Every structure is written in structure tokens, then in C-alpha cells.
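Residue numbers begin at 1 in each chain, while the letters A, B, ... track the order of the sequences. Keep in mind that this is a model prediction, so the values were computed, not measured.
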Protein chains: 2
Amino acid sequence: MLSFTEENYLKALVQLTVFEESYTEVGVNKLASTLEVKPATVSDMVRKLKEKLLVNYEKYGKISLTEKGRVAGMMVVRRHRLWETFLYKKLDFTWAEVHELAEDLEHIHSKKLIDRLDQFLEFPEFDPHGDAIPNADGEIIIPFRKTLSEVGKGEKCKVVAVKDNSTDFLQHVDKIGLKIRDDVTVIDRDDFDSLTTIGFNGVQIVVSLKFTDNIFVVCAQCLKAKDCNCHSL
Amino acid sequence: MLSFTEENYLKALVQLTVFEESYTEVGVNKLASTLEVKPATVSDMVRKLKEKLLVNYEKYGKISLTEKGRVAGMMVVRRHRLWETFLYKKLDFTWAEVHELAEDLEHIHSKKLIDRLDQFLEFPEFDPHGDAIPNADGEIIIPFRKTLSEVGKGEKCKVVAVKDNSTDFLQHVDKIGLKIRDDVTVIDRDDFDSLTTIGFNGVQIVVSLKFTDNIFVVCAQCLKAKDCNCHSL
DNA sequence: TTTAATTGTTAGGCTAGTCTAACTTTATTA
DNA sequence: TAATAAAGTTAGACTAGCCTAACAATTAAA
């Protein structure tokens, strides 16, 4: 049985080596800053995780997840995202609130509980932030996405997700958020000069330019994030 | 913010000094055996709880909860029983299963979460075992109850609750349980010789005599646990 | 009322997870 | 390629929560 702390290390490693930029390994310092602990602490802990066959690691080398570690970390992500979905859909929390609560709920271990929750929620594919939910085997399908900042002038796009690990951003959104309607909204790059209004999951939000890297979009017409020629036609 | 462990001490104290036999204080040994730790450990911890003004305590004396401690402990019980109700009603767990899962869930602190859950469940008065759920202020109305073993020969009674802290009993019940109908069933003391069949929350169960202290009942006619004269009329 | 049994306390030690400070290895750059 | 910067490790210390073993206080019984 993994401890609360061990699970957080594995979750952070999944975040850094699977979800983010598709690197497959990461250094001690990077992991330390992600977890908000000192590098010395990570050094110790990584040795422990290696003994448990959860990570690959050699002194002064890079850290990567073993298959066992990847699945264990993915299960934490699965639990996190399913609880977020529950809080959002059933208890009417905002997306700004769900992340923090799910940080605790994700450490409840029962497999039966989480599979029942999945069923209760009717097997959702994405969490409230638009991120894919890993299945019961720890598998996940990550769709291609581009950020709002990559959208060209005049291009119409549809918001499909926001980064769920930026509390700063999410709280900002919650504060100025205003519900307008139940489907997502198409927006225009022309509005982006300082503050801009976009829609996601029925919530009308105003974001400043510095947050445009936190918002994922696809083409409003073909729903693709790459290989889209709609604009040039 | 109280730790997982501190909360368990307070919950055990509520159990021992509020729910059970209405004693108002308890010794170090009793608390230690309830929590399955050594008396030495309790001695230390109780000093810490006293510093935090959660218990009244003098060296070699008895332990009792302060008002602050009572409310804190009651909130743990509230969370426990609301999660049990959620698991039973929404995720179709059996009452044998819910207790263990709620042992973890009860330590999620958010007040907002638990109040929303209460609302989602439509403010239930009793948990799946028939125990009253404390309100958001830590208040609880405990109805009079007698156990099955106190029922006289020929007396008709209605089952209203079972002890939720006897995993042994609950697992026994789950194994041989059989759903028959949706309301509770009236039973007769004559059947109690070795094995007997009673009904609770629509579940038909068979219990051996040694478990009759774990089952709470009221008179089937007047629904009272004491001051009932129905039988003598 | 003195002894024995029960109950509770203290001291010292263990583990997990964290820290700081000093040190070592690897990478970068002049 | 030698000096410097960055990254990583080790040693020693701290806290929470637990333990055992030895001791002290209280209660019960002879």
C-alpha cells in the first residue's frame, strides 16, 4: 500500500513525464520544485521509490517511471479527475474549487469505490477542466490540443480544456466568471489585446493575455488542433 | 487544523462519552483499547489535546471533552455518517462496506463539501445503520432505543438501527443477507432461540443470539423504546 | 490498613517525511 | 581545459505518532 506522500510523488512524475511536453524523465530539482519540497528530500524519497520498483533511477541521473509506477500514478490521476467530475456535476462546485478538494479525495484507495463512482457519473471521458480521465487499467487517450496563444488572427476556435494545475488562473476565472449558456462558445483572436472573453462549458470568462497558455482549443469548424486547413480555404 | 489522528481521538471520545451509556468521562486504558493503541500513547496524546483545549484532563484523572472538543468530534461523526449514507444510497454499497470507506472519507475537512453532500442527499436524519446524523452545528437528537435482547417473549417490535462499529457483526449480516421488501419487518421474540430472522431497511437478515445486543428496536405498535404499555393492554 | 492489582506516566527509541548545511558530481562557459 | 555554476547527495536534526520497559499512583481486596 502506497502512502499519501508516495502517491503524490508518482502523480507529479506522471504530470511531468507523461502529460507535460512528453518528456519521459525528469531531474531531482524539477521534481522537488513541483512538489514544493527541497531537493534533498526528493533524493531520499526517490531511493525509496526505486527500492519499491516504482521508478528507474541511478545516482546523479534522471528519474523515470517504471510501468508499475506509471500505472500507480495514473490511478491517482484517475481518482483525482473522477472526484473533480463528481464535485462539479453532482455537488455544483466550480472548477476553481474542485481541484483542491480532489487533492485529498484522490488518496482514498478503494478500487471498488472509484469504479462505482465512475459508473455513477456514467463513465465520463473528461473532467471539468477538459482533461481526459484514465480508465481502470491506467490507460489514457490524450487528444491533440493547442493553446489559445497559438491561434492566429481571425481564426475561429473552440475551447476544449484549461490547465488544471494553475490555482492562480482558476481562482481568477472563478472570480470574474459568469454563466451564460450550456454549450461552449466560439471566440475570435481579434479580442485578445489585453483582456478577452471566451466561453468554456457554459461559463463566460474574461482572461488576460498572460493566461492564454492555460487554455486549450481546437478549430471551431473541424474540431482539430493540428492539420486544420479551414482557415486557409 | 486537526490531524487525522487527533480527529480519531475526538471521535472515539464522542463515541465513549456521548453515545455509549451516556458516561461523560473515560479513562486512559479504555480510550487506548478503543483506538487500538497503547496507554502510553494515549497519555501523551491527551496532554496535547488538553493544550489545544479540546479535552479536560488532570494527571491520573479521567478524560472528558470540552465544548470545543465535543463539536470537533461531532463533526467527524457527521462527516462519517453522511459519507456512509452517500455510499449506501448513491453508490449501492452494502451497510457492511460503508463503515470502512467512511473511516477515510470522514477526514476530508471542507465544511462546504460536507454541507453540499448533505443537501445532495436531501438532509437525511439517519445513516444506513439507523444512527442519527449530527447537524452542521454539531447537534444531534438521539432517540431512545432498546436492544433486541431486551424484548420480552411475544412482544412485537420494529428494528430501527444496528450498531455500526461491529465489523464482525456487519460482515456476518452481509454474507447471509437477503433483500425481501422495502419497509422494515415486525418480528417476534419467540424466534430467538438460536438463529432468528429479522428485517431492517428492507434487508432480511439472520442473526445468532450473541448479536442481539447489536440490534436496536422500538415497539412495533407505538414506536417507543420505553414507556410502552402496548403489550400489557 | 497493608498488600496486591489495576491504572496511568515517563523515558528512551523507532519510522516517515521533512529540513539545513556541507559536500560532491556534472555541466557550462570563458 | 580549467574555472565556475548548477545539480544532486549525505549527514545530522526535527516532529508526529507510535512502541516497550520501568516506574508511580490509585483502587480494590485480604
Check the distance between [N]'s [atom2] and [X]'s [atom1] and give it to me in whole angstrom.
X       : N      : atom1 : atom2 : value
B:Leu49 : D:dA16 : CG    : C1'   : 13 Å
A:Asn8  : C:dT18 : CG    : C1'   : 14 Å
B:Ile63 : C:dG8  : CD1   : P     : 7 Å
A:Leu2  : C:dA16 : CG    : C1'   : 14 Å
B:Glu6  : D:dT15 : CD    : P     : 15 Å
B:Tyr9  : D:dA16 : OH    : C1'   : 11 Å
B:Met1  : D:dT15 : CE    : P     : 21 Å
B:Glu58 : D:dA24 : CD    : P     : 21 Å

Checklist entry - Is the distance from OP1 or OP2 of C:dT9 to the nearest side-chain N or O of B:Arg47 less than 4.0 Å? => result no

Checklist entry - Residues in ring-ring contact (aromatic ring centres under 6.0 Å, His included) with A:Tyr9, at least two apart? => result none

Checklist entry - side chain to side chain contact (heavy atoms under 4.5 Å, CB included) with A:Glu122: which residues, sequence neighbours excluded? => result none

Item to check | Between A:His107 and A:Asn8, a side-chain donor and acceptor under 3.5 Å | outcome: yes

Atom pairs and distances, donor-acceptor, side-chain atoms in residues 49-56 of chain A, under 3.5 Å, two or more places apart:
from, atom 1, to, atom 2, distance (Å)
A:Lys50, NZ, A:Tyr57, O, 2.9
A:Lys50, NZ, A:Glu58, OE2, 3.2
A:Lys52, NZ, A:Glu6, OE1, 3.3
A:Lys52, NZ, A:Glu6, OE2, 2.8
A:Asn56, OD1, A:Ser64, OG, 3.2

Checklist entry - Does A:Lys59 have any salt bridge (Lys or Arg N to Asp or Glu O under 4.0 Å) partners at least two apart in sequence or in another chain, and if so, which? => result none

Identify each atom pair where a protein N or O and an N or O of nucleotides 19-28 of chain C are less than 3.5 Å apart, giving names and distance.
from, atom 1, to, atom 2, distance (Å)
C:dC19, OP2, A:Lys38, N, 2.9
C:dC19, OP2, A:Thr41, OG1, 2.6

Next on the checklist: Filter on side-chain hydrogen bond (donor to acceptor under 3.5 Å, both in side chains), then keep only pairs touching residues 31-46 of chain A, sequence neighbours left out; what's left?
Outcome noted: A:Asp44-A:Arg47

Checklist entry - What is the nucleic acid contact for A:Phe4, judged by heavy atoms within less than 4.0 Å: base, sugar-phosphate only, or nothing? => result nothing

